[in-house]
There are 2 protein chains.
Amino acid sequence: MPRQVDPQQRRAELAEAVWTVIRRDGLQRASVRNVAREAGLSMGSLRHYFATQAELLCFAMQLVGDRARARVRAMQPAASPRATAERLLQELVPLDDERRAESEVWLAFTARGLVDPDQRAIHQGIHDQLRGACATAITLLADAGLTPADLDVDLEATRLHALLDGLAVHAVMRPEQVTPDRITAVIARHLDTLQAGPGSG
Amino acid sequence: MPRQVDPQQRRAELAEAVWTVIRRDGLQRASVRNVAREAGLSMGSLRHYFATQAELLCFAMQLVGDRARARVRAMQPAASPRATAERLLQELVPLDDERRAESEVWLAFTARGLVDPDQRAIHQGIHDQLRGACATAITLLADAGLTPADLDVDLEATRLHALLDGLAVHAVMRPEQVTPDRITAVIARHLDTLQAGPGSG
DNA sequence: CCTACTTTAGCACAGTTGTGCTATAAACGC
DNA sequence: GCGTTTATAGCACAACTGTGCTAAAGTAGG
């Protein structure tokens, strides 16, 4: 029975089942049995696509980075460098349910990355990509002459990156307080202070 | 055999054993057995102090907030509002091993708070305290006239809070990249932009 | 039809888990 | 000394876990 559906798509479906279980019951409940049940498959069938649980979970984590990268790549060019930077950053914070799901799964795997070397490596890859996107956003403004000439791009990228990840954590832990509107306002304000100064708020 | 040691201190010791296990093996390995072994006690003895595992873990999470609050309360007054604000914020980020331990445990429990209502409630309490500290820092600068008069204190508190938690996450996940020096530099830079403008970096 | 291969299913086993339960030992009040 | 309380220990059980293993059912090429 080869190729009724693409095996790679099957793996993606199973990874999404992992996401569903993680969001509903937590990463500690993402057992082979629970994920298989969520996907409507048997345990043995799941293990035909992923030999071990570690492989399954790593693939599910990779998918977080893949989704975000695809979204950034699909971005339409914006009118100004400022608008481009702002929209780039907005693709990386949980403003809708899709990105909220990514953030929740990312947070669950982040905690595991503290003690699991494989998960840590994947997390660091995503971390570096996000950091790169932040550096890109800063450079966009700097190259357009919208920032002071002596701006420390590296330090600002670090600062912006921490801001984004902090917003993601707060958005999933306190969704009533840290709403999408609030997130966009914080990002806009941050870019404002990079350009014109702190007095515009 | 009452009171060979204070029972409350015993509970704190057990909570620290939880921290040790979490930092070494992860929250998913913080079982009653493993924590008891780490503390050098039997399973049954541990359960004399904590009736259930949930109670044990919640207490261990509470301890994170307690430690940070105690540290802030013990702060010596600084020379200027700016120095006070800066040192207050520095108490809340992982600049040494004690605070790094708190951040790692905090991160582990944060992820669990996504799906565990009890842990979520405790996390939100700590979240609100940290948010209050950020608001205090901003207000210190504003009241001293060090910021523009039209500064949106609430928005700035949200932004600063996200920055701090993001720095905490990055410091424990990327300790070689996000060093204590780097953290203090980012915080100083952030306060600079609140005061004088973005051009000083 | 028939062989080869892919996919699905399910059992089995050893290990870990939380918790209910009982039993021993130590320290106190008297 | 003695009973009461507190502390420590450990067993038992049912539930769940990851994975090794076997077997069936479906699909393709010949």
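The analysis underlying the following values was restricted to heavy atoms, covering all of them including side chains, and did not include hydrogens, waters or symmetry mates. Below, chain A is the first sequence line, B the second, and so on; all start at residue 1.
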Exercise. Could you give all pairs that pass the salt bridge (charged side-chain N to carboxylate O under 4.0 Å, His left out) test and reach residues 103-127 of chain A, with sequence neighbours left out?
Worked result: A:R23-A:E104
Exercise. When the distance from CG of A:D116 to P of D:dG18 is rounded to whole Å, what number comes out?
Worked result: 13 Å
For this session: Could you tell me whether the phosphate oxygens of C:dC21, OP1 or OP2, come under 4.0 Å of any side-chain nitrogen or oxygen in B:R47?
Result: no
For this session: Applying side chain to side chain contact (heavy atoms under 4.5 Å, CB included), name anything that partners B:A15, two or more places apart in sequence or on another chain.
Result: B:F59, B:A60, B:L63
For this session: Check every strand shown and say whether A:L41 touches a base, only sugar-phosphate, or nothing at a heavy-atom separation below 4.0 Å.
Result: sugar-phosphate
For this session: Return each pair, listed once, that meets side-chain hydrogen bond (donor to acceptor under 3.5 Å, both in side chains) where at least one residue sits in residues 132-144 of chain B; pairs must be two or more places apart or across chains.
Result: none
Seminar exercise, completed: Hits for salt bridge (Lys or Arg N to Asp or Glu O under 4.0 Å) against B:R82, two or more places apart or cross-chain, chain-then-number order -> B:E86, B:D192
Exercise. Roughly, in whole Å, what's the span from CZ in B:R10 to P in C:dA26?
Worked result: 15 Å
Exercise. What is the distance from CE of B:M43 to C1' of C:dT22, rounded to the nearest Å?
Worked result: 13 Å
For this session: Answer yes when B:R99 and B:E102 have at least one side-chain N-carboxylate O distance shorter than 4.0 Å, and no when they do not.
Result: no
For this session: Check each residue of residues 48-63 of chain A for a non-hydrogen atom within less than 4.0 Å of any atom in DNA chain C, then write out the ones that pass by number, or none.
Result: A:H48, A:Y49
Exercise. With sequence neighbours left out, what residues match B:D154 under side chain to side chain contact (heavy atoms under 4.5 Å, CB included)?
Worked result: A:R182, B:R131, B:D152
For this session: Output every pair passing salt bridge (charged side-chain N to carboxylate O under 4.0 Å, His left out) with a member in residues 46-58 of chain A, not counting sequence neighbours, ordered by first then second residue.
Result: A:R11-A:E55
Problem set entry | By salt bridge (Lys or Arg N to Asp or Glu O under 4.0 Å) - contacts of B:R67 (at least two apart) | B:E16
For this session: Strictly below 4.0 Å, heavy-atom distances to any atom of DNA chain C: list the hits from residues 14-38 of chain B, or just say none.
Result: B:S31, B:V32, B:R33, B:N34
